[in-house]
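As the structure lists them, so they are numbered: ligands from 1, and atoms in each ligand from 1. Because only heavy atoms are used, hydrogens play no part in the values below, and waters and symmetry mates are left out as well, while side chains stay in.
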Amino acid sequence: MQPRDLSSHAEYVPGEGIEEVARELGMDPADLTKLASNENPFGPPADAVEALRDHADRISAYPTSAHSDLTAAIAAHWDLDDEQVWLSPGADGAIDLLHRATIEPDQEILVPEPGFAYYPMSARYHHGEVQTYPVAKERDFQVTPDVVLDAYDGERVVYLTSPHNPTGATVPLDDVEAIADRTNEETLIVVDEAYGEFADVESARSLLDERDDVAILRTFSKAYGLAGLRLGYALVPDDWADAYARVNTPFAVSELACRAGLAAMDDEAHVERSVETVEWAREYMANEIDAPTWPSGGNFLLVEVGDAGAVAEALKREGVIVRDCTSFGLRECIRITCGTEDQTREAVETVNEVLAARGDGGAAGDAEAEAATDR
Ligand SMILES: *Cc1c(COP(=O)(O)O)cnc(C)c1O
């Protein structure tokens, strides 16, 4: 026998890791800087690591109190009821939970294109269909109410990614509200704020006081530096209270993830330092890179480099791993995660060298870059 027809299901293509690249190119991992997956360059908060050690001997028990402690802490942070916080393995897990709670077979979701690959993947797992609205370079990737509503046709769930990955563009709160106002009552607007800590737009949290058709995604993977633990959550309308218990995988978030999350929330200095460095790095990269960039509210910058695949490959050979955005449909762009100050300066220097070696791009530029980097 075979699994069901999965031909419409795409695979998730993660950014390359240091170990794989080192093995592939026969390099020392210590000579590589990974700026490809929007991770926190300062690592996890020290208190979170200590919490993991402190609770390591409790992992023979199911995580009941850890789960409710973290839920309560997050609810207090956002001034919401505990029932409105849906803990999940990464924000990706929260996307699954929202789909389980909303999508009937063959119902549709509306997502940005290009955009975060997991929205459509998860919808298809849940027997849903996918429609898209354009995030167009000609409009500097701006997502306005008109862009979304022109494409909207009664879909069950509409995704707004703010800041958007990989473009960095944000959606102002007024626009989120305008979109929610002009879509059907049975349409859920999901505002993905995975990079919310880095942006200077207001969270959609305030809309939860007035409406029952908006949910928010947040994660511990980016600003909090806990990507490897897989910890995120959704904030949902208050009358959805009992749905979590009906759609959640039992104990979906581990004891250790909960304990580290609690410690990370207490370490405000770590988040502040991470955000300040990102603000500096975004500006530094935008000013210093010899190529067009777009304003970003995230911990990364989109850069137009010509042949993204070739440039990413050349950068890798020079020790800097970035995200080739070809898999997002942006063949001419790379996405560079904000590093520490040293990493960011090094990345900018390397990018400029590679771009200079390629000249104006095109076939001649490709050959030159290959020759330059194959040495
Ligand atoms: C990173 C990211 C997420 C969530 O990542 P998790 O590690 O699953 O929490 C969600 N949305 C976007 C746009 C992201 O870039």
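With E304 as the fixed residue, the salt bridge (charged side-chain N to carboxylate O under 4.0 Å, His left out) test singles out one of R335, R331, K137: K137.
In this structure, R323 is not positioned above the aromatic face of F300 in the sense of NZ or CZ being under 6.0 Å from the six-membered ring centre and within 45° of the axis.
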Return a table of donor-acceptor pairs under 3.5 angstrom between the side chains of residues 101-108 and protein atoms on other chains or two or more places apart.
{"residue": "T102", "atom": "OG1", "partner": "L98", "partner atom": "O", "Å": "2.7"}
{"residue": "Q107", "atom": "OE1", "partner": "E104", "partner atom": "N", "Å": "2.8"}
{"residue": "E108", "atom": "OE2", "partner": "Q131", "partner atom": "NE2", "Å": "2.9"}

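Taking E155 as the reference, nothing meets the salt bridge (Lys or Arg N to Asp or Glu O under 4.0 Å) condition, with sequence neighbours excluded.
For D200, the CG atom is loosely surrounded, since the number of other residues' heavy atoms within 6.0 Å does not exceed 12.
Residues lining ligand 1 at a heavy-atom distance below 4.0 Å are given as G90, A91, D92, F116, T161, N165, D192, A194, Y195, T219, S221, K222, R230, ordered by chain and residue number.
Hydrophobic clustering, defined by side-chain heavy atoms of Ile, Leu, Val, Met, Phe, Trp and Tyr closer than 4.5 Å, groups I321 together with I18, V21, L25, M27, L32.
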